[in-house]
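Computed from heavy atoms alone, side chains included, the values below leave out hydrogens, waters and symmetry copies. Per chain, numbering begins at 1; letters A, B, ... match sequence-line order.
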Number of protein chains: 2
Amino acid sequence: MNNNQQFKPIGLVDQISEWLTNAILDGTIKEGDRLIETRLQELFGVSRSPIREAFRELNKMGLVVIKPRIGTFVKRITRNDIEEQFPIRAVLEGIAARLAFERMKDGELDKIEKTFKKMKEAAEGNDIKGYWKYHHIFHDQLIDVSKNSMLIDILQQIRIQHLMFKVASLYYKEDLQGSFELHRKMLVLLKDRKTDPRYVEDFVRNHIEKARPRFLQYIDEDLF
Amino acid sequence: MNNNQQFKPIGLVDQISEWLTNAILDGTIKEGDRLIETRLQELFGVSRSPIREAFRELNKMGLVVIKPRIGTFVKRITRNDIEEQFPIRAVLEGIAARLAFERMKDGELDKIEKTFKKMKEAAEGNDIKGYWKYHHIFHDQLIDVSKNSMLIDILQQIRIQHLMFKVASLYYKEDLQGSFELHRKMLVLLKDRKTDPRYVEDFVRNHIEKARPRFLQYIDEDLF
DNA sequence: TTCATGTCGATTGTCGACAATACACATTTT
DNA sequence: AAAATGTGTATTGTCGACAATCGACATGAA
């Protein structure tokens with residue numbers, strides 16, 4: 001049997017959600033845009049039922065807002081959203097990092113280290129976009145290792161909204177070296193079995209909280 | 001115009017989600033039960049579309065699990081779920097309490113104090129169920145005052161799953177006085193403008209974390 | 001017995017059609 | 001002119017029907 005070609009006869013709902021998610025994240029569909037069921041119906045050549053259910057799925061991920069009897073709109077990420085997210089993301093990623101450190105198996109650490117190597121390559125080549133991508137994967141992998149599914153779910157929602165925020169890349173544009181150095185230190189901590197788990201938690205939480213002021217500054221300066 | 005009769009021509013989806021939520025929380029529908037679209041269709045006298053969308057809504061709230069092409073089932077809350085929730089709930093409610101304290105207006109404090117009075121009455125009358133109910137409202141109100149909508153959303157999801165866990169009431173059965181005393185202290189802190197916000201955060205976080213061991217003990221002893 | 005295969009009923013996935021509603025614009029009223 | 005009212009069209013909410021699929025049971029083979 002041919003096993004390298006992944007089976008993908010998943011339901012229409014998943015395919016549509018995925019397509020829309022990508023379109024929103026890469027800017028094809030802009031924030032505030034209205035998603036009209038009948039338009040997408042033509043575009044995809046399906047009926048409205050799976051589209052409506054895909055909307056609910058996107059809503060769960062925090063990518064769209066559903067206004068009953070009015071329509072579905074791509075969420076506008078505001079400065080206030082970002083401000084609300086930071087303290088939550090900081091403590092939760094901190095906890096996730098500690099749990100990950102406590103529960104990590106060798107194979108899992110290896111995988112993260114591989115991602116780190118990609119970050120390194122991107123950083124050396126000054127490849128902002130690549131760095132941004134692998135940086136995101138790095139955190140995703142760390143969060144996964146925490147094996148706390150509720151934490152994984154919540155952080156996924158918060159982080160996907162972060163991705164919508166294009167300004168994010170500006171942060172790494174200016175301080176790519178700083179960010180890289182920070183993650184290098186993080187990896188050193190993770191590899192040393194003698195590290196105090198609470199220190200890992202603090203380190204990650206602080207790393208995120210420290211990014212906040214500059215992040216918000218970029219919002220004010222560069223957007224609009 | 002007659003205004004005391006609340007308008008309720010909300011969509012079918014909301015009505016159905018609400019009905020199902022209550023049925024799940026009060027035990028009419030038990031955990032693990034399968035929710036069959038065609039059955040509910042007869043029960044409510046509506047088509048399957050709003051029912052399917054209501055399922056997605058319940059799924060977002062963490063009350064059901066949707067298995068594609070198989071069916072929708074009421075979530076089974078396991079010991080592991082509770083263990084995953086505690087650290088998250090503790091830090092987030094802590095943050096919520098601090099923010100609430102920092103942003104609280106007089107009217108809002110009054111409302112919380114009224115709820116506390118109901119808790120007091122229930123505690124004095126040894127009315128477990130009533131105490132449990134107002135205790136939940138107390139925390140809800142405090143969380144609302146934090147005005148961090150993301151925090152409010154996440155905590156709502158976590159807390160509703162907690163409600164599904166019937167053992168919860170056992171906790172208060174044994175230690176209703178202790179719980180009451182704790183919330184009395186909390187209210188004192190909230191009323192004193194000189195309290196350090198960080199202390200409010202610690203107090204609430206510790207209060208939740210302290211409950212964990214006994215909570216888990218009840219699970220092991222009394223369930224099944 | 002134990003495992004593989006076939007068949008059937010119940011249930012979910014998807015569709016196209018109709019009903020209800022919201023918004024934009026035109027018309028009337030003050 | 002400004003506000004209130006009427007009308008039309010685009011869009012969402014709901015429905016009933018059909019197609020695809022799953023799981024239980026029956027049948028047959030090792």
Side-chain angles (χ1 to χ4, degrees), chain A residues 1 3 5-21 23-24 28-76, chain B residues 1 3 5-21 23-24 28-76:
Chain A
M1 190 181 174
N3 226 358
Q5 178 69 31
Q6 277 289 356
F7 254 52
K8 272 206 202 176
I10 38 174
L12 291 178
V13 177
D14 292 317
Q15 295 183 46
I16 295 168
S17 325
E18 210 177 304
W19 192 96
L20 287 172
T21 300
I24 291 171
T28 307
I29 305 178
K30 296 182 197 70
E31 60 173 15
D33 278 4
R34 182 174 183 178
L35 298 177
I36 295 168
E37 296 169 6
T38 42
R39 285 240 203 297
L40 296 172
Q41 174 177 233
E42 292 169 26
L43 179 58
F44 295 126
V46 301
S47 82
R48 281 169 51 218
S49 315
I51 294 175
R52 286 176 65 86
E53 297 195 21
F55 284 1
R56 299 261 178 202
E57 209 55 35
L58 296 181
N59 175 249
K60 187 169 79 177
M61 287 295 132
L63 291 177
V64 305
V65 177
I66 299 176
K67 302 187 182 178
R69 298 186 183 277
I70 295 178
T72 299
F73 303 82
V74 177
K75 166 123 184 77
R76 276 207 153 86
Chain B
M1 191 182 180
N3 228 357
Q5 178 70 32
Q6 278 287 0
F7 251 52
K8 271 205 201 172
I10 38 175
L12 291 179
V13 178
D14 291 319
Q15 296 183 45
I16 295 168
S17 327
E18 212 177 303
W19 193 97
L20 287 173
T21 300
I24 291 171
T28 307
I29 305 178
K30 297 182 195 70
E31 59 173 16
D33 278 3
R34 183 174 182 178
L35 298 177
I36 295 168
E37 296 169 7
T38 42
R39 285 236 200 301
L40 296 172
Q41 173 179 359
E42 292 170 24
L43 179 59
F44 295 126
V46 300
S47 82
R48 283 169 49 217
S49 316
I51 294 175
R52 286 176 66 86
E53 297 194 21
F55 284 1
R56 299 256 177 206
E57 210 55 36
L58 296 182
N59 176 249
K60 188 170 77 178
M61 287 296 136
L63 290 178
V64 305
V65 177
I66 299 175
K67 302 186 183 180
R69 296 184 187 277
I70 295 180
T72 299
F73 303 82
V74 177
K75 167 124 182 76
R76 275 205 154 85

Output the rounded distance in Å from [atom1] ([X]) to [atom2] ([N]).
X: A:D14; N: C:dG13; atom1: CG; atom2: C1'; value: 12 Å
X: A:E57; N: C:dG13; atom1: CD; atom2: P; value: 12 Å
X: A:I36; N: C:dA22; atom1: CD1; atom2: P; value: 17 Å
X: B:F44; N: D:dT14; atom1: CZ; atom2: P; value: 13 Å
X: B:F73; N: C:dT11; atom1: CZ; atom2: P; value: 11 Å
X: A:E53; N: C:dC15; atom1: CD; atom2: C1'; value: 13 Å
X: A:R34; N: D:dT11; atom1: CZ; atom2: P; value: 7 Å
X: A:L40; N: C:dC15; atom1: CG; atom2: P; value: 13 Å

Nearest to the [X] side chain among [options], which nucleotide is it?
X: B:R48; options: C:dC15, D:dT12, C:dG13; answer: C:dG13
X: A:P50; options: D:dC15, C:dT14, C:dT12; answer: C:dT14
X: B:I70; options: C:dC18, C:dG13, D:dC22; answer: D:dC22
X: A:R69; options: C:dT14, D:dC15, C:dT21; answer: C:dT21
X: A:E37; options: C:dG16, D:dG13, C:dT11; answer: D:dG13

Fill in: 5' priority, DNA chain C, between A:Q41 and B:F55 [closest heavy atom]
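The 5'-side residue here is B:F55.
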Discussion item. Please compare B:T38 and A:S49 by the position of their nearest nucleotide in DNA chain C and report the one closer to 5'.
Written reply: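 With B:T38 and A:S49 compared, the 5'-side residue is B:T38.
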Practice prompt. Check whether any side-chain nitrogen or oxygen of B:S47 sits under 4.0 Å from OP1 or OP2 of D:dC15, and answer yes or no.
Written response: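 It does, given that an N or O in the side chain of B:S47 lies less than 4.0 Å from OP1 or OP2 of D:dC15.
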Discussion item. Is there a side-chain contact between B:R52 and the phosphate of C:dG13, meaning an N or O under 4.0 Å from OP1 or OP2?
Written reply: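 Answer yes for this pair, as a side-chain N or O of B:R52 is under 4.0 Å from OP1 or OP2.
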Worksheet item: Which part of the nucleic acid, if any, lies within contact of B:L35, taking any heavy atom under 4.0 Å across all strands shown: a base, the sugar-phosphate backbone alone, or nothing?
Response: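 Sugar-phosphate: the residue B:L35, judged by heavy atoms under 4.0 Å, touches backbone atoms but no base.
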Worksheet item: At what distance, to the nearest 0.5 angstrom, does CE of B:M61 lie from NZ of B:K75?
Response: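 If I round to the nearest 0.5 Å, the distance is 15.5 Å.
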Practice prompt. Any chance you could lay out the side chain to side chain contact (heavy atoms under 4.5 Å, CB included) test for A:V46 and A:I16, step after step, and finish with the verdict?
Written response: CA-CA 10 Å; A:V46 301; A:I16 295 168; 4.1 Å; yes
Item to complete: Answer yes or no: is there an ion pair linking B:R56 with B:E53, defined by an N-O contact shorter than 4.0 Å?
Response: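 Here B:R56 does not pair with B:E53 in a salt bridge, since their nearest N and O are not under 4.0 Å apart.
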Discussion item. Between B:V46 and A:G71, which residue's closest nucleotide on DNA chain D lies nearer the 5′ terminus?
Written reply: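 On the 5' side of the pair lies A:G71.
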Discussion item. Is there a side-chain contact between A:I24 and A:V64 in this structure, where contact means two heavy atoms from C-beta onward sitting under 4.5 Å apart?
Written reply: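 Counting from C-beta outward, A:I24 and A:V64 do come under 4.5 Å.
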Discussion item. Using the rule side-chain contact (heavy atoms from CB on, under 4.5 Å), only one of A:L20, A:V65, A:I66 pairs with A:L58; which is it?
Written reply: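 Looking at A:L20, A:V65, A:I66, the match for A:L58 under the side-chain contact (heavy atoms from CB on, under 4.5 Å) is A:L20.
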